[in-house]
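Below, chains carry the letters A, B, ... as their sequence lines are ordered, and counting in each starts from 1.
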2 protein chains.
Amino acid sequence: MQILVVEDDNRISNFLVKGLEECGYLVTLCKNAEDVLKQYINIEWDLIILDIMLADMDGVQLLQALRYKKVYTPILMLSALNSVQDKISALDYGADDYLTKPFHFDELISRVRALTRRRQYEQLETPKAELQFGQLQINREQYKVTLAGQHVELSPREYKLLIYLVENIGKTVSRVQILNAVWGITFDNHTNVVDVYISYLRSKIEREDMKYIFTVKGVGYMFKG
Amino acid sequence: MQILVVEDDNRISNFLVKGLEECGYLVTLCKNAEDVLKQYINIEWDLIILDIMLADMDGVQLLQALRYKKVYTPILMLSALNSVQDKISALDYGADDYLTKPFHFDELISRVRALTRRRQYEQLETPKAELQFGQLQINREQYKVTLAGQHVELSPREYKLLIYLVENIGKTVSRVQILNAVWGITFDNHTNVVDVYISYLRSKIEREDMKYIFTVKGVGYMFKG
DNA sequence: CTTCTACTACAAGAATTTGCATAAGCTGGT
DNA sequence: ACCAGCTTATGCAAATTCTTGTAGTAGAAG
């Protein structure tokens, strides 16, 4: 797990690097914004920790620059001030989390874990176009689903629902979450479309002895591989 | 984990309450600012979700009033507008985070998690999804409870009650507190549902030589690990 | 130790809700 | 207008929730 720390204050950077290394992370330190954009931008980091106050460039500017260059690595911003404006612009320009100095190291670690956990997840899911769960095969490149070798014809909505469930494999997702993720933003909860589509999906991808979608009563549904 | 939602638009509040409950939070809904200051201010919430537009009082005013009264509960503001000015005043007056409607439910959940995570830190609670007490195992991600390896089938209400007891492990909780937290009932309406559900729970998760729920006569119940 | 009282446990059944399948209505593209 | 896909509506079985009523129990008072 590789972390890039961008920080020009030696006291803080020492503290960060030492602490993170003790927790088992591989840490690289960079002391100015320019080098980040020149050298470090091409390396695949698992997380970038960015101080909002740098000598040569505003941290938020750097953040903006990174996002502009399509760097989607999780970014955790550090700030000495508890400035409201900073917080807003940091999160607005695509920071994933925000921490105000001084902070407890435990809190930093917990946020680092949270951010890298998500990353692990995405890395696990994204590069694999071909997913397999027992007899069920999903090709995300070709939008093709097969069950025991047989092609399964899914409508766009059914497919989207299946993908959402698979992306959250092992986790219970609520109807409201599904409604949001698969149907888009809506405040309408007097609908049973989710139930109906779960039913459609089950009838298409499940057999008597092959179940993938499990009902969690009172909550929602869960996909198991 | 108890959340107070202050929202007067029924569609949105339904959606919020349902969604949050499905995600395992104990949610209480309040439809106007006055009641918050009168009744709900004395209850210890883990998070308050506050709409910036309320019929009887501006959300920011309510926020100010709460902070003035030394309520330091994390507050997440919701707004229909994407106004920067609103954002700034909300955060200036002590909101901990800000979300613009319409939003993805997943985003709300992630912010709720972030805000309650910090709280957990202060309380030094374990942010673990997998809890274990002797032979009893609770997986909060999968809503799954096992006793000595055996899966225990709990109804939603039973599960919620168990979670509430576990969250207050070692502390005696009164029937009124339980009623309030698990049933969302803020008044005593002479019901013995709590007793009944305690009984249900005991029959499902306890054995002759494995007790978890202890009766504190005249007061309530206590969970011991 | 016995009695009394307030409290607690739990069984049984009524009322309600939920999940699911099916059917029927709707919509946008061709 | 047709069709596929999407959404809403409806009915039903099963699960869940909640009330009622009774038996049981702990602990104080005598």
Side-chain angles (χ1 to χ4, degrees), chain A residues 143 145 152-165 172-208 211-223, chain B residues 11 14 17-19 21-22 26 143 145 151-165 172-185 187-208 211-223:
Chain A
Y143 295 89
V145 177
V152 178
E153 195 72 54
L154 294 184
S155 81
R157 192 75 78 183
E158 287 162 357
Y159 181 79
K160 231 178 153 182
L161 173 60
L162 175 60
I163 293 299
Y164 182 70
L165 291 173
T172 303
V173 284
S174 74
R175 276 159 236 269
V176 170
Q177 279 179 298
I178 294 173
L179 216 48
N180 256 263
V182 179
W183 272 262
I185 301 146
T186 166
F187 288 116
D188 181 13
N189 64 346
H190 294 296
T191 175
N192 69 335
V193 264
V194 176
D195 297 51
V196 173
Y197 268 80
I198 289 286
S199 167
Y200 289 167
L201 252 190
R202 291 216 250 230
S203 72
K204 289 187 179 182
I205 66 165
E206 294 191 335
R207 296 286 174 269
E208 195 55 58
K211 303 290 183 190
Y212 297 104
I213 300 167
F214 293 83
T215 303
V216 182
K217 276 177 280 183
V219 185
Y221 299 95
M222 177 169 66
F223 188 93
Chain B
R11 282 188 325 142
N14 275 344
V17 172
K18 204 169 178 185
E21 280 181 345
E22 283 173 347
L26 303 165
Y143 294 85
V145 177
H151 177 72
V152 178
E153 195 75 51
L154 293 184
S155 81
R157 189 77 76 187
E158 288 161 359
Y159 181 81
K160 240 175 147 179
L161 174 59
L162 175 61
I163 293 298
Y164 181 69
L165 292 173
T172 302
V173 283
S174 73
R175 275 159 238 269
V176 173
Q177 279 179 296
I178 295 174
L179 218 47
N180 180 12
V182 179
W183 273 264
I185 298 170
F187 51 90
D188 183 13
N189 65 343
H190 306 292
T191 175
N192 71 336
V193 263
V194 176
D195 296 51
V196 174
Y197 270 81
I198 289 285
S199 166
Y200 289 166
L201 252 190
R202 292 216 251 231
S203 74
K204 289 187 178 181
I205 65 165
E206 294 191 335
R207 296 285 174 271
E208 196 55 58
K211 304 290 184 191
Y212 296 104
I213 300 166
F214 295 84
T215 304
V216 183
K217 210 184 156 172
V219 187
Y221 300 93
M222 177 167 66
F223 188 94

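In this structure, B/Glu22 atom CD and C/dT18 atom C1' are separated by 12 Å, rounded to whole Å. Atom C1' of nucleotide D/dT7 and atom NE2 of A/His190 are separated by 16 Å, given to the nearest angstrom. If you take CG of B/Leu161 and P of D/dT16, they are 15 Å apart, rounded to a whole angstrom. If you measure from atom NZ of B/Lys204 to atom P of C/dC10, you get 14 Å, rounded to the nearest angstrom. Counting to the nearest Å, the C1' atom of D/dT7 and the CG atom of A/Leu201 are 16 Å from each other. Distance, B/Lys217 NZ to C/dA9 C1': 12 Å, rounded to whole Å. Between the P atom of C/dC7 and the CD1 atom of B/Ile198 lies a distance of 17 Å, rounded to the nearest Å. Protein atom OH of B/Tyr221 is 12 Å distant from nucleotide atom P of C/dC7, rounded to whole Å.
The residue A/Thr191 sits close only to the backbone: its heavy atoms come under 4.0 Å of sugar-phosphate atoms, none of a base. Within 4.0 Å of B/Val216, counting heavy atoms only, lie sugar-phosphate atoms of the nucleic acid but no base atom. Contacts of B/Tyr159 with the nucleic acid, taken as non-hydrogen atoms under 4.0 Å apart, are absent.
The base of D/dT7 lies close enough to the side chain of A/Tyr200 for a donor and an acceptor atom to sit less than 3.5 Å apart.
At C/dA21, one or more side-chain N or O atoms of A/Ser199 fall inside 4.0 Å of OP1 or OP2 (strictly under the cut-off). Contact annotation: B/Ser155 side-chain N/O to D/dT17 OP1/OP2 distance is under 4.0 Å. For B/Tyr197, no side-chain nitrogen or oxygen approaches OP1 or OP2 of D/dT19 to under 4.0 Å. A sub-4.0 Å separation between OP1 or OP2 of C/dC7 and a side-chain N or O of B/Arg175 is absent. Dashed line: the shortest gap from a side-chain N or O of A/Arg157 to OP1 or OP2 of D/dT7 is under 4.0 Å.
At a threshold of 4.5 Å between non-hydrogen side-chain atoms, the residues A/Leu165 and A/Tyr212 do not count as touching. Between A/Thr215 and A/Arg202, the closest side-chain pair of non-hydrogen atoms falls below 4.5 Å. Contact annotation: the side chain of A/Leu154 approaches that of A/Leu201 to within less than 4.5 Å [non-hydrogen atoms, C-beta and beyond].
Candidate nucleotides D/dA26, C/dA9, D/dT20 were compared by shortest atom distance to the side chain of B/Asn192, and D/dT20 ranks first. For A/Asp195, whose side chain is taken as the heavy atoms from C-beta onward, the closest listed nucleotide among C/dC20, C/dT8, D/dC6 is C/dC20. Checking D/dA9, D/dT20, C/dC20 against the side-chain heavy atoms of B/Val196 singles out D/dT20 as nearest. Across C/dC20, D/dT17, D/dC18, the shortest atom-to-atom separation from the side chain of B/Trp183 is found for D/dC18.
What you find for B/Val216 and B/Met222 is that their closest heavy atoms are CG2-CB, 4.3 Å.
Ionic pairing of A/Lys204 and A/Glu153 is not present here: no N-O contact between side-chain nitrogen and carboxylate oxygen is shorter than 4.0 angstrom.
Aromatic ring orientation, A/Tyr159 versus A/Tyr143: tilted (interplanar angle from 30° to 60°).
Between A/Val219 and B/Thr215, the residue anchored nearer the 5' end of DNA chain C, judged by the nucleotide with its closest heavy atom, is B/Thr215.
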